[in-house]
Amino acid sequence: MLNLCFIFWLKAALACELIDSFDMSTLFQKGDVMIGGIFPILNKQISSMPTFERKPLNVKLMIFAIEEINNSPTILPNISLGYNILNSCASPTNTLRAALTLVSRTEENESTSACRPPLTALIAESGSSQSLILAGTFGPFQVPIVSYFSTCACLSNRAKYPTFFRTIPSDFFQAKALAALVKRFGWQWIGAIQSDNDYGRNGILAFREEVEKMGVCISFVGTVLRTYKSDKILAVVKMIKRSTVKVILAFVPEGDLYPLMKEIVRHNITGIQWIASEAWITAARPSTPEMYHSFGGSIGFVVRKIPYTGRSSAFVNDFWEVVVGCSPPSVGALSVNPTEKSKKCHGNESLRASQNAFFDVTQLRVSYNVYKAVYAVAYALHYVLFCQPTKDSPCLFLVQPFCFQVSERLQGIHFTDMFGDTVFFDQNGDPPASYDIINWQMREGKVQHVTVGNFTSTSHNAYELKIQEEQIVWRTGKMVIVPDSVCSNVCPAGTRKAQIKGQSICCFDCIPCAEGAISCICLTGATDCTPCLREYWSNQGRDECLLKTIEYLSYHEPMGIALTVVSLMGAVLSLSTVSIFLYHRETPVIKASNFDLSCLLLFSLFLCFLCPLTFIGRPTVWTCMLRHTAFGVTFALCMSCVLGKTIVVVMAFKATLPGSIVSGKFGPAQQRLIVCSCTLVQVVVCILWLRFNPPFPDMVFRYSNTKIVLECNPGSETAYYAVLGYIGILAAICLVLAFLARKLPDNFNEAKFITFSMLIFCAVWITFIPAYISSPGKFTVAVEIFAILSSAFGLLISIFAPKCYIILIKPEQNTKKHVIGKTVNNKV
C-alpha cells in the first residue's frame, strides 16, 4: 500500500486538486522537509478562528528545536525543516480537522502549480483521545506520529497503531508506579476519579489490574469531564463525602479535574490524601493556596524535568524575554513573537521581583518532551536522507522521504540530546519509564511542587521506587506520620477475617479463632486461623499454641497412691495367709483344703495383687507388654487353681459313695496337670500376642482437646479379648462345678465358698466391661485395676477367710471330727 505522504508527494509532481478545506489558522514556515504540529492552544474553542497571537511554550519549543536543527551542521546539513502548526482546542473533533488540514492544500496555493511539500511526520497530541484519532486515521498510511503527552497504554498496541511513538512513558508504567506507591505506604482502601475519556478509563483500568494483585480495594470510581454539568460533578462530590476512604487517586487531566477541585474546596472536604497522575500534579492553575486547603500534601508522578545546566541552556533566552520583557543579545535566540521586534536588554534588568511561571526553567517537563520529539523526527529524517547503503539494506535516494521510511527509522533511533538524556523507543514505540515523585507543599505562602523521589524502569521489566519519606508533607500537615486508609482495621492476634456479605474483600469483621487454632502476631489479617499441631492446643487468647497436658495414672496422684496401697495390702494379705497355712499345715482344716493347691492359689493371688502396679505410671513398651500378659497369665493360673480345688471337692464326694471307682484317680499329680495345662493355654495365647501384634504405648487425643492421655494400646484387640474370654471360660466352669457341689453334707464344704467367690468374680468382670468402655482417659486404667483388685480380694476373702477364722479365732473347731462331721440340713 502506498503511504499517505507518498500520495501527496506524487500529486505535487503531477497536479493538485483541493476538494474542500477547514477554516483554521496555522503557524507555518516552509522548508525542504515539513513537520506538522498539533497543540491545544486553548482548552476550548472560543472563536471560530483561534489564532496564534500568544503562542504557548510547547509551540515555541517546537519552533526553537526546528530552528536549532536548521542551524546545526551535523543534523540534516543543507536541508531545511519547515513546520505547519495548528490548534486542536483540546478537542478530538478539532484534532481531526487540524490533521486533515495539514495534509490538504490551502486556498492561497490553488493558483500555483505545485503543492506544499508533504508532511513527513506529525508532532501531536497532548490528549490520549486526540492521539487515538490521529493514530487510527494516519496509521494505515504509515504516517509517523510522535506524541509528547499522550500516555494511554492503549496506544502501545502496535497492531492498531503501527506508526505511533511518544516521548512520555505509557500509563502502563505510570500504573505500576502508582501501584508501587500505594503498596509502599500500605494503603488498602482507596477511591478513584477518572476522566470520561480514553486517558482516564484506561489509566484506572491499568491501575486496578496492578493493585488488585496486591490485595488493594477500590471503593468507588467517580467520573468527571470538563464539559459535564454541575449535577454530575456534585454527584462525585457526594460519593467522596459518603465514602470512608482517606486516599483517592485522580487519574484525570487538569482541565477535567479543575471543576471537581473547586466543588471539593467549596464543600470544605479535607483530610483526604490525594494521589495525582502526571496530568495535573504540576499544573499551574490548581496550585494555589485556596486549593491547598483541600489538596495539600498531594503526591504523584511526573515525567523528568529538563536537566538544567545553567545560563547556557537553550531555554534561557525564552524565559528571559517573557519574565523581563526584553530579549538578551545572543545570536540565534528565539524571540517570543517573531513577527514583532523585541526590545533588547541593556544588562541591568533584575529577576528578584519576578513571579512568572517560566522563571524556574527546571520545571519545563512537558515542553522537554516536545523538544525530544522534534529531535527524534530529525534524526530519523537524517538517517533516511543520508542513508549509508549496505548489502542487506539498500538506500532510496529521494528528495522527499517516504513516511514509512521515517517510521522505520524512528523505531530504531538511539541518540543522546544536548542535556545528556538518551532517547530511544521500545518495540511498542514507548520511551523508557522515568518519573519524579512530586509532593505539594506550602512554602512562603505558595504551593511548591517538591521532588521527593523517583521511579525508574530497570532491566528485565523490573522497577525501582526511591522515596525520601522524611521530606513528604502529608494531608495532615505532618512529615512523619503516614496517613492510613483501610476499610477495616487489621484483625488482632487470636482472630481471623470474616468477609462481610455484599462488600469488598477489604471490608471484614474480626471473629475469634476456634478452639485449637490460632492467629499469631505474624499472621494478623489472615482469613483462616492456623490449627495447632496434635500435641498442642490454643491458649485463651487464641494467639499461641501450648503443649497439651500429658495425662496418665501416676504414683503421685491420690488415685494412684490409693490403688497402690490397696494393691500392696492385698499382696501382704496373700503372703500372710500363706504364712498361716505353712505354720498350721498339719491341722485338719489345712489338710482338708488341699494344702498344695491352696498355696499355689495364694501365690497366684499374690501375683494378681502385684499386677496393678504395672498399670500405674507412664506407659512404656515393656510395661505395656507386661501388664496385659501378666494379668492374663496370673488370673489364668488363679482360675486353674480354683478349678482344681473345685474338681477335688467333687471327686472327694464321689469317692465316698458306695461302689465308686474314682477313689485314688484324682490325686496330686492330676491336680497339677489340670493347673499346668489350663495355665499353659493362656501362656501360649500371650506368646502369640507378643510375637505378632504386641501392646505398645500410645497417645490418645479423643478424650479431651487440652489433654493427651498416655495409655497402652493392646495392639491386637482379638488377642486382648481372647485373654479375657479364656479367663471368663475358666471362671464359668468353676462356678458351675462349685454350684453343683454346694449341698455336700460336710461341715466344711469348700464348694460353697468357691461358689460365692466365683459369683463375686463374674459380677466384677461383667460390670467391668461397660465401665471400661465409658471411662475416659486415665480412669479407664483405674477401672481395670479396680476390677483386678476386686476380683482378687473376692477370691482371697471368700475362700481363705473362713479357714483363717477357724485357725486363728476358733481353734477348737480345727479338729478332724468337726471337719468331717455330717449334719442334716435340707436348706441350701
Chemist: Measure the CG-CD1 distance between Leu381 and Ile79 for me, rounded to the nearest 0.5 Å.
Modeler: 8.5 Å
Chemist: Quick check: does any side chain N or O of Asn70 sit under 3.5 Å from a backbone N or O of Leu81, one acting as donor and the other as acceptor?
Modeler: yes
Chemist: Strictly distance-based, threshold 3.5 Å: is any side-chain N or O of Gln174 a donor or acceptor partner for the main-chain N or O of Glu278?
Modeler: yes
Chemist: In terms of side-chain heavy atoms, does Tyr148 have a donor or acceptor partner in Glu125 at a distance below 3.5 Å?
Modeler: no
Chemist: Can you check whether Asp426's main-chain N or O pairs, donor with acceptor, with Gln411's side chain at less than 3.5 Å?
Modeler: yes
Chemist: Do His449 and Ser287 pair up side chain to side chain, a donor and an acceptor below 3.5 Å, judged on atom types alone?
Modeler: yes
Chemist: Quick check, are the ring centers of Phe141 and Phe404 under 6.0 angstrom apart?
Modeler: no
Chemist: Less than 3.5 Å apart, any donor N or O on the side chain of Glu68 or Asn71 sitting next to an acceptor on the other?
Modeler: no
Chemist: When you check the side-chain N and O atoms of Ser131 and Ser150, is any donor under 3.5 Å from an acceptor?
Modeler: yes
Chemist: At what distance, to the nearest 0.5 angstrom, does CG of Asn87 lie from CZ of Phe39?
Modeler: 11.0 Å
Chemist: Using side-chain heavy atoms (C-beta onward) and a distance below 4.5 Å, is Leu122 in contact with Val146?
Modeler: no
Chemist: Could you tell me if the ring centre of Phe207 sits under 6.0 Å from that of Phe251?
Modeler: no
Chemist: Answer yes if the side chains of Asp198 and Ser129 hold a donor-acceptor pair under 3.5 Å, and no otherwise.
Modeler: yes
Chemist: Ser367 and Asn58: side-chain donor and acceptor closer than 3.5 Å?
Modeler: yes
Chemist: Which class fits the ring pair Trp280 and Trp440: parallel under 30°, tilted 30 to 60°, perpendicular over 60°?
Modeler: perpendicular
Chemist: Would you confirm whether Ser128, through its side chain, and Tyr199, through its main-chain N or O, come within 3.5 Å as a donor-acceptor pair?
Modeler: no
Chemist: Quick one: pull up OG in Ser434 and CZ in Phe173 and give me the separation to the nearest 0.5 Å.
Modeler: 11.5 Å
Chemist: Can Asp32 and Ser80 be counted as having a side-chain donor-acceptor contact under 3.5 angstrom?
Modeler: yes
Chemist: Ignoring hydrogens and angles, state whether a donor on the side chain of Tyr368 or Asp421 is under 3.5 Å from an acceptor on the partner side chain.
Modeler: yes
Chemist: Is it the case that Arg226 places NZ or CZ above or below the six-membered ring of Tyr258, under 6.0 angstrom from the centre and within 45 degrees of the axis?
Modeler: no
Chemist: We want to know whether Thr151 and Asp171 form a side-chain donor-acceptor pair, criterion being a heavy-atom distance below 3.5 angstrom.
Modeler: yes
Chemist: Charged N to carboxylate O below 4.0 Å: is that the case for Asp430 and Arg166?
Modeler: yes
Chemist: Would you say Arg158's side chain and Phe164's backbone share a donor-acceptor pair under 3.5 angstrom?
Modeler: yes
Chemist: Do you know which of Leu132, Asn197, Ile133 makes side-chain contact (heavy atoms from CB on, under 4.5 Å) with Pro92?
Modeler: Ile133
